[in-house]
Amino acid sequence: MTLGLAGLVACSHAQPTPDATAQEQKPQAPVAETQKTPTAEEQYHAQGQADLDKALEALRNVSVFFEFDSAALTKDAQDKLGTVADILVKHPELKVRIEGNADERGSEQYNLALGQRRADAAKKYLDNLGVKSQQITAISFGAERPKATGHDEEAWKQNRRDDVNAQPSK
């Protein structure tokens with residue numbers, strides 16, 4: 001018995017061409033959206049936030065300095081506090097904390113009291129310039145937060161100060 005095997009083999013180098021419906025379509029580039037023009041209210045709020053940020057930046061790192069064993073505001077201190085007052089009157093939503101400091105000379109109790117007198121002097125000055133009293137807090141750190149760590153007149157000058165720290169009202 002003989003088995004007959006027949007096979008049909010075809011060989012072609014031509015690639016099959018896909019029909020048009022099976023071809024991949026290239027995604028089209030997204031159409032650029034036109035920018036939405038902010039409303040007047042959105043512009044107002046954006047400008048208000050920009051003004052507030054600028055005010056906060058102007059109040060950053062403000063220090064006023066005092067003479068030895070004194071809580072009297074110097075002319076320079078009055079000028080700086082005048083600028084602070086202008087900002088606070090314009091932005092009643094801001095609050096400041098005035099931190100009174102003293103140099104290392106004197107007892108802890110004396111320096112805390114002196115720092116408080118200094119902070120209170122700045123608070124009273126701001127109040128007299130029209131800043132609302134609820135916008136101002138006065139606290140003393142005495143000699144506990146020195147700006148300069150030396151033990152000489154140059155360091156002591158930097159430590160006899162009030163620091164103004166601003167923050168938005170909550």
Side-chain angles (χ1 to χ4, degrees), residues 30 32-170:
E33 291 184 27
T34 57
Q35 292 217 348
K36 178 184 158 196
T37 304
T39 65
E41 184 179 353
E42 290 170 332
Q43 289 176 338
Y44 175 78
H45 287 297
Q47 183 60 45
Q49 186 60 50
D51 288 347
L52 184 60
D53 291 344
K54 186 177 177 182
L56 284 168
E57 185 60 35
L59 293 175
R60 194 177 314 269
N61 298 320
V62 174
S63 294
V64 296
F65 298 91
F66 295 87
E67 295 299 321
F68 174 71
D69 199 27
S70 173
L73 294 172
T74 63
K75 174 70 174 124
D76 183 57
Q78 291 174 359
D79 291 345
K80 285 183 180 181
L81 290 173
T83 301
V84 169
D86 291 344
I87 293 167
L88 292 174
V89 168
K90 184 178 177 185
H91 294 280
E93 70 276 19
L94 290 178
K95 289 185 177 184
V96 292
R97 181 170 81 173
I98 301 169
E99 301 169 349
N101 296 275
D103 62 35
E104 64 187 354
R105 299 174 289 180
S107 70
E108 181 180 349
Q109 185 176 1
Y110 182 82
N111 285 337
L112 282 170
L114 179 58
Q116 190 64 52
R117 286 195 307 275
R118 289 173 173 168
D120 289 341
K123 180 179 180 177
K124 182 178 178 183
Y125 189 77
L126 291 173
D127 186 56
N128 289 339
L129 293 177
V131 178
K132 297 176 185 170
S133 61
Q134 59 267 32
Q135 288 179 270
I136 314 164
T137 304
I139 187 172
S140 175
F141 290 115
E144 299 303 310
R145 292 192 177 178
K147 207 174 233 185
T149 56
H151 305 286
D152 57 13
E153 185 55 38
E154 199 53 44
W156 294 331
K157 263 189 207 179
Q158 294 178 53
N159 294 331
R160 296 189 301 256
R161 71 187 191 285
D162 281 343
D163 293 324
V164 178
N165 288 305
Q167 56 192 358
S169 300
K170 293 179 181 166

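Because only heavy atoms are used, hydrogens play no part in the values below, and waters and symmetry mates are left out as well, while side chains stay in. In this text, all values refer to a predicted model and were calculated from it rather than measured experimentally.
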More than 12 foreign heavy atoms under 6.0 Å from CG of Asn61: is that the case here? no
Measuring from Leu94:CG to Ile87:CD1, what's the distance to the nearest 0.5 Å? 8.5 Å
Taking Ser140 as the fixed residue, which of Asp162, Asp120, Leu112, Leu114 is the one that meets the side-chain contact (heavy atoms from CB on, under 4.5 Å) rule? Leu112
Student check: side-chain heavy atoms of Arg118 and Arg160 closer than 4.5 Å: yes
Nearest 0.5 Å please: distance from the NZ atom of Lys124 over to the CZ atom of Arg117. 14.0 Å
Lys54 with Glu57: basic N within carboxylate O range, under 4.0 Å: no
If every non-hydrogen atom of Gly100 is compared with every non-hydrogen atom of Ala119, which pair is closest and at what distance? N-CB, 3.8 Å
Residues, nucleotides or ligands: over 12 heavy atoms within 6.0 Å of Glu153 CD: yes
Please round to the nearest 0.5 Å and tell me the distance separating atom CD of Gln116 and atom CG of Asn111. 13.0 Å
Validation row: His91, Asp51 side chains within 4.5 angstrom (heavy atoms): yes
Would you indicate whether Lys157, at its atom NZ, is surrounded by more than 12 heavy atoms from other residues, nucleotides or ligands within a distance under 6.0 Å? no
Any side-chain heavy-atom pair from Asn101 and Lys147 closer than 4.5 angstrom? no
If you count heavy atoms of other groups shown closer than 6.0 angstrom to CD of Gln109, is the number above 12? no
Quick one: does any side-chain atom of Gln135 pair with a main-chain N or O of Lys132 as donor and acceptor, under 3.5 Å? yes
Leu126/Ile98 under side-chain contact (heavy atoms from CB on, under 4.5 Å): CA gap, chis, key distance, verdict: CA-CA 11 Å; Leu126 291 173; Ile98 301 169; 3.7 Å; yes
So, do Val64 and Val164 sit near enough that their side-chain heavy atoms are less than 4.5 Å apart? no
Would you check if Leu129 and Leu88 make a side-chain contact, meaning some heavy-atom pair closer than 4.5 Å? no
Less than 3.5 Å apart, any donor N or O on the side chain of Asn159 or Glu104 sitting next to an acceptor on the other? no
Mind checking what makes side chain to side chain donor-acceptor pair (under 3.5 Å) contact with Asp127, not counting sequence neighbours? none
For residues 72-84, dump all side-chain donor-acceptor pairs below 3.5 Å to protein atoms at least two apart in sequence or in another chain.
from: Thr74; atom 1: OG1; to: Ala77; atom 2: N; distance (Å): 3.1
from: Lys75; atom 1: NZ; to: Asp79; atom 2: OD1; distance (Å): 2.9
from: Lys80; atom 1: NZ; to: Ser63; atom 2: O; distance (Å): 3.0
from: Thr83; atom 1: OG1; to: Asp79; atom 2: O; distance (Å): 3.4

Minimum heavy-atom separation for Lys123 and Ser133, please, with both atom names. CE-O, 4.5 Å
Compare every heavy atom of Pro92 with every heavy atom of Val89, then report the nearest pair and how far apart it is. O-CD, 3.8 Å
Please tell me if the side chains of Lys95 and Thr137 come closer than 4.5 Å, counting only heavy atoms from C-beta onward. no
